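Comments concern the structure below.
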There are 2 protein chains.
Amino acid sequence: MALWIQITPGSDEPIYLQIVEQVGEAIAKGQLAVGDKLPAVRKLASELVINPNTVARAYTILEQTGLVTTKTGSGTFVADPALRSKDAADINMLADRIDGILSRGLNLGLESQDIIAMFKDRLEKFIKTRQGGRQKK
Amino acid sequence: MALWIQITPGSDEPIYLQIVEQVGEAIAKGQLAVGDKLPAVRKLASELVINPNTVARAYTILEQTGLVTTKTGSGTFVADPALRSKDAADINMLADRIDGILSRGLNLGLESQDIIAMFKDRLEKFIKTRQGGRQKK
DNA sequence: CATAATGTACTAATGATAATAATACACTAC
DNA sequence: GTAGTGTATTATTATCATTAGTACATTATG
């Protein structure tokens with residue numbers, strides 16, 4: 001598995017955020033384990049045909065979020081989950097995002113049980129990937 | 001209840017999107033019922049001290065989403081839920097947003113049951129407001 | 001019919017930001 | 001020392017949110 005990050009340049013979602021999200025999901029799903037090394041800034045930029053600054057920006061955010069640690073000279077690595085924050089602000093932001101989804105779902109005409117089912121279904125996929133074994137190179 | 005929309009100008013969330021979200025949530029929670037009239041573009045803009053174009057933009061999006069119907073000359077009204085779409089693209093977008101929340105929650109160190117509990121808790125608040133009676137003027 | 005109120009359309013200008021570009025610097029591994 | 005790594009800096013371009021001002025079309029009211 002050389003490269004699993006795929007960007008959509010024309011999207012309304014900025015490229016650096018697309019990278020942040022995909023790396024985040026990979027970590028959440030266990031496809032990236034603690035200590036795993038992310039692609040080098042220049043290498044990833046080269047493969048995605050984007051500017052190194054854009055990748056560097058994504059990595060900086062990932063580091064501020066606590067998902068990765070960077071060591072200048074050696075690389076960027078998936079951080080120890082125990083070191084991640086989980087403070088009140090994080091929880092509130094999560095609640096806001098949940099509210100947004102519920103609002104959208106209900107206004108689409110979905111019933112409560114439909115939304116919960118959908119939520120559990122997506123969660124299953126995360127957990128399954130987690131246990132299903134890590135596809136390390 | 002003269003005005004329930006509150007914006008945060010300095011936010012990273014655009015003002016027109018803040019309006020869209022708040023109106024959407026109000027409809028989802030039943031604080032706005034079918035046929036209810038939204039504030040006039042110029043009036044709301046005046047009260048929020050923003051440009052009428054910004055409000056108009058929000059209303060245009062709400063209409064494209066199917067949440068409201070607009071009649072030039074009379075005003076903007078909450079639309080009939082039966083007329084709203086719910087196509088595959090909507091469901092996919094919802095799934096993507098759910099994935100984002102799950103990713104963030106798991107990476108914060110939350111357990112599956114914690115996230116589900118949080119999700120149900122927020123959902124309760126939506127439903128409760130819905131049944132709890134409409135506070136019409 | 002006349003007037004006011006409504007949503008819509010258009011053009012222009014400003015400020016913020018995403019992204020690219022080209023360097024240069026600092027640290028680490030071999 | 002050399003190569004590979006992340007970081008910092010400055011400049012430039014393009015896009016977009018927002019404001020601003022104006023004009024138009026439709027509807028409600030009297």
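Letters A, B, ... are given to chains in the order of the sequence lines, protein chains preceding strands, and every chain is numbered from 1. For clarity, every value in this text was computed on a predicted model and none was experimentally measured. Values reported hereafter were calculated over all heavy atoms of this structure, with side chains retained and with hydrogens, waters and symmetry mates removed.
Both L38(A) and L17(A) belong to a common hydrophobic cluster when Ile, Leu, Val, Met, Phe, Trp and Tyr are linked at side-chain heavy-atom distances under 4.5 angstrom.
In this structure, K71(A) contributes its side chain and F77(A) its backbone to no donor-acceptor pair below 3.5 Å.
Here the rule is salt bridge (charged side-chain N to carboxylate O under 4.0 Å, His left out) with D99(A), and of R122(B), R97(B), K125(B) only R122(B) fits it.
Put simply, CD1 on I15(B) is 15 Å from C1' on dT14(C), counting in whole angstrom units. Remark: P of dA17(D) and CD of E13(B) are 11 Å apart, rounded to the nearest angstrom. Rounded to an integer number of Å, the gap from I50(A) CD1 to dA22(C) C1' is 17 Å. Taking atom CD1 of I61(A) as the reference point, atom C1' of dT17(C) lies 13 Å away to the nearest angstrom. When the P atom of dA5(C) is taken as reference, atom CZ of F77(B) falls 16 Å away, rounded to whole Å. Taking atom CG of N51(B) as the reference point, atom P of dT18(D) lies 10 Å away to the nearest angstrom.
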Take nucleotides 1-16 of chain D nucleotide by nucleotide from the 5' end and write B, S or -, depending on whether a protein heavy atom sits under 4.0 Å from the base, only from the sugar-phosphate, or from neither.
---BBBBBB-------
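Expressed to the nearest 0.5 Å, how far CD1 of I15(A) lies from CD1 of I7(A) amounts to 4.5 Å.
Considering only heavy atoms from C-beta on, I27(A) stays 4.5 Å or farther from L62(A) through its side chain. The shortest side-chain heavy-atom distance between V23(B) and W4(B) falls under the 4.5 Å cut-off.
Remark on the helix from dC1(C)-dG30(D) to dC30(C)-dG1(D): inter-end axis angle 30°, axes from five-pair C1' superpositions, rounded to 10°.
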